[in-house]
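Counting starts at 1 for both ligands and their atoms, following the listed order. Note that the coordinates shown come from a computational prediction; the quantities given were computed from them, not determined experimentally.
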Amino acid sequence: MNRMTITESAELLSRSSSSLRLEKFIEQRMDAPCILMQQEDSLDDIALQLEDLTGVVVDQSHLGRVKTLSSDSAVVSSLNEHHSLIAANVGNAHSAGGILLTVRSGSVDLLASLMDSAIESYRLSEENQACREAIEESAMQLAQSFEEQNWLRGFARNATKFTTGSGANEMANGVLQPLGYLLRAEDVFLIVDAEETARSGLCSAKFGDSDFSIQTVESVLHQFELHHESAPLVRNNVQLPTDQGAINSIVAVPVNGGAKSLGFLVGINRSTESLEGLPVYDPEFGSGDVGLLEEAAVLLSTQAHNIHLLVQSNQMFLGSLHAMSGAIDARDPYTQGHSERVARLGFELAQLMKLSEPACQEIYLAGILHDIGKIGIPDAVLLKNGPLTNDEFRTIQKHPEIGYRIIERLGHLQFALPGVLHHHERWDGKGYPHGLDGESIPLMARVLAVADAFDAMTSSRPYRDAMPLSKAVSIISGGAAEQWDAEVVACFQHWIADCQPEQAESQSGAKAFIPQGSPVEQVLQAAMALGL
Ligand SMILES: [Fe+2]
């Protein structure tokens, strides 16, 4: 048998890369060619191999001793005057086992201890290598755990920002994006049940760049018969063909909100290569990935539920405000709808002034409440059919402060106080109750003052008809920087120009074109459409 045949034989015996490393290692330390033989190799093969390496003829009697070698210590036999045969059982040194043989010169004792020392050195270096690899893997796992924890913390932190209906879709997009990286998945999907999409507007989404479509992933989940009560799904090495390529592995967990199913979180195709510098230590999806998805699912469903509750709470709150403004307007049929119109026009003006959306909504809500103090004005004064006496006028003028005292007790309506208290102040300081002037009047009140005046002028009163629209616009324009904030008046002029006043004039005055309905309700409805 030649050398090639021996090598082939060794490969058949599954010689590991570890044993090849051992050969090389011992060769370097023994300063002599070296071979690692399996116990099954024939003595003739070994003799030929040694002859090839050293050019000496090895007596079969020496090889017989080698074959019966059982201890961990090396044995050394003198082959001739110049060469010794050194053999060691290396079964304990690495998994492949076998007899390590070499031939070189030197004293028997020296060579024996040299061989023992080399084997021990190799064993230690292998252990060292194994420890290093274990530490590296632990470090990688630790790094991944750290990233996962960071992400979950970020998820929890960011999710609380989505407290209105800008909602669940935005939240899902914002916080689920990094899942693909953390799962080492080619793509990640949020698959939402059709019923849930119809109910809340939350939509299915994909967060990676793969060619796989949401429909494809849905059909794969269907193939695995996954439903909301299912255990998490983990499949590796599945080779599922699809129109967009093969799905080799998949991990999926149900996302449930209470007893209700929202859908599934799905990762597909575990990457076998490092992603963005973080190596993959496990080429398959496993329990760690399921845990991560389950934690994400719990956070997602919990926050979605919170959004739902908050939207419901806001709707109830808004309903209460409308009931209060309805109670004010109901006392005087001539001013019916006045609070709503002032609120709505105030909102339109605030938007034209490019105030923030929350500021616009606060002005709207303050407009709803601006005259709530009229609840405390006697009917004889409030509903008087004719001009007011000075005393009666002073009584009426108390309504901003009465309204202030009502609202200040309602903690969550504090934002409306400036509008309620100061909507009758004038830019020139001649208003009431405090005679504030210019920018010392809160902006909310300056906006509502224009809206209030315009609706009052264009509404009928018991003692006068509604003023023609063009006259009301003219009065407000003329009062810029005198009675009203010129900037608000400028926005009012833009608004009235956009509203086609000619058309409105020919109908029933300002009521015809001040938008109907609550913008805040619209916001809440939008929230419901997007949220859960
Ligand atoms: Fe008022």
Side-chain angles (χ1 to χ4, degrees), residues 321-350 362-384 387-408 410 413 415-437 440-464 466-467 472 475-476 479 483-485 488-489 492 510-511 514:
L321 290 190
H322 283 304
M324 289 164 77
S325 77
I328 305 161
D329 293 345
R331 293 189 61 204
D332 181 358
Y334 286 94
T335 60
Q336 200 158 35
H338 170 70
S339 300
E340 288 283 354
R341 289 193 298 276
V342 169
R344 188 61 208 241
L345 179 52
F347 179 83
E348 300 287 325
L349 297 179
E362 286 183 359
I363 286 175
Y364 173 83
L365 295 170
I368 295 279
L369 298 167
H370 77 284
D371 272 346
I372 194 169
K374 286 184 176 174
I375 285 176
I377 306 298
D379 280 358
V381 177
L382 187 69
L383 306 179
K384 184 177 178 185
L388 299 176
T389 65
N390 286 343
D391 281 349
E392 287 166 343
F393 196 61
R394 277 192 288 275
T395 301
I396 282 276
Q397 285 181 331
K398 290 177 182 168
H399 79 271
E401 287 168 305
I402 296 171
Y404 183 91
R405 287 197 293 275
I406 293 171
I407 298 298
E408 72 175 340
L410 304 174
L413 292 177
F415 65 85
L417 287 174
V420 172
L421 184 61
H422 295 298
H423 68 275
H424 285 293
E425 305 283 3
R426 290 172 52 114
W427 186 261
D428 57 13
K430 296 178 181 172
Y432 64 89
H434 294 168
L436 301 181
D437 63 359
S440 63
I441 306 167
L443 179 59
M444 171 187 278
R446 282 181 264 149
V447 172
L448 289 177
V450 171
D452 188 22
F454 178 68
D455 189 69
M457 283 189 267
T458 54
S459 299
S460 295
R461 287 288 186 272
Y463 48 90
R464 64 158 171 79
M467 187 182 289
I475 289 173
I476 290 178
Q483 183 166 353
W484 298 286
D485 181 345
V488 181
V489 171
F492 169 79
K511 290 178 187 174
I514 291 179

Could you go step by step and tell me if His370 and His424 meet the ring pair (Phe, Tyr, Trp, His ring centres under 6.0 Å) rule? CA-CA 10 Å; His370 77 284; His424 285 293; 7.5 Å; no

Output all residues satisfying side-chain hydrogen bond (donor to acceptor under 3.5 Å, both in side chains) with Asp485, sequence neighbours left out; order by chain, then residue number. Arg446

The protein N, O or S atoms lying under 2.8 Å from the Fe ion (ligand 1) are Asp371 OD1, His399 NE2, His423 NE2, His424 NE2

Atom CG of Asp428 and atom CG of Asp437: how far apart are they, to the nearest 0.5 Å? 8.0 Å

Quick one, Arg405 with Glu401, criterion salt bridge (Lys or Arg N to Asp or Glu O under 4.0 Å). Give me CA distance, side-chain angles, the key distance, then yes/no. CA-CA 6 Å; Arg405 287 197 293 275; Glu401 287 168 305; 5.7 Å; no

Please give me the minimum heavy-atom distance between Gly419 and Met444, naming the atom from each residue. N-SD, 3.3 Å

Considering all heavy atoms, the nearest Phe415-Ala366 contact: CE1-N, 4.5 Å

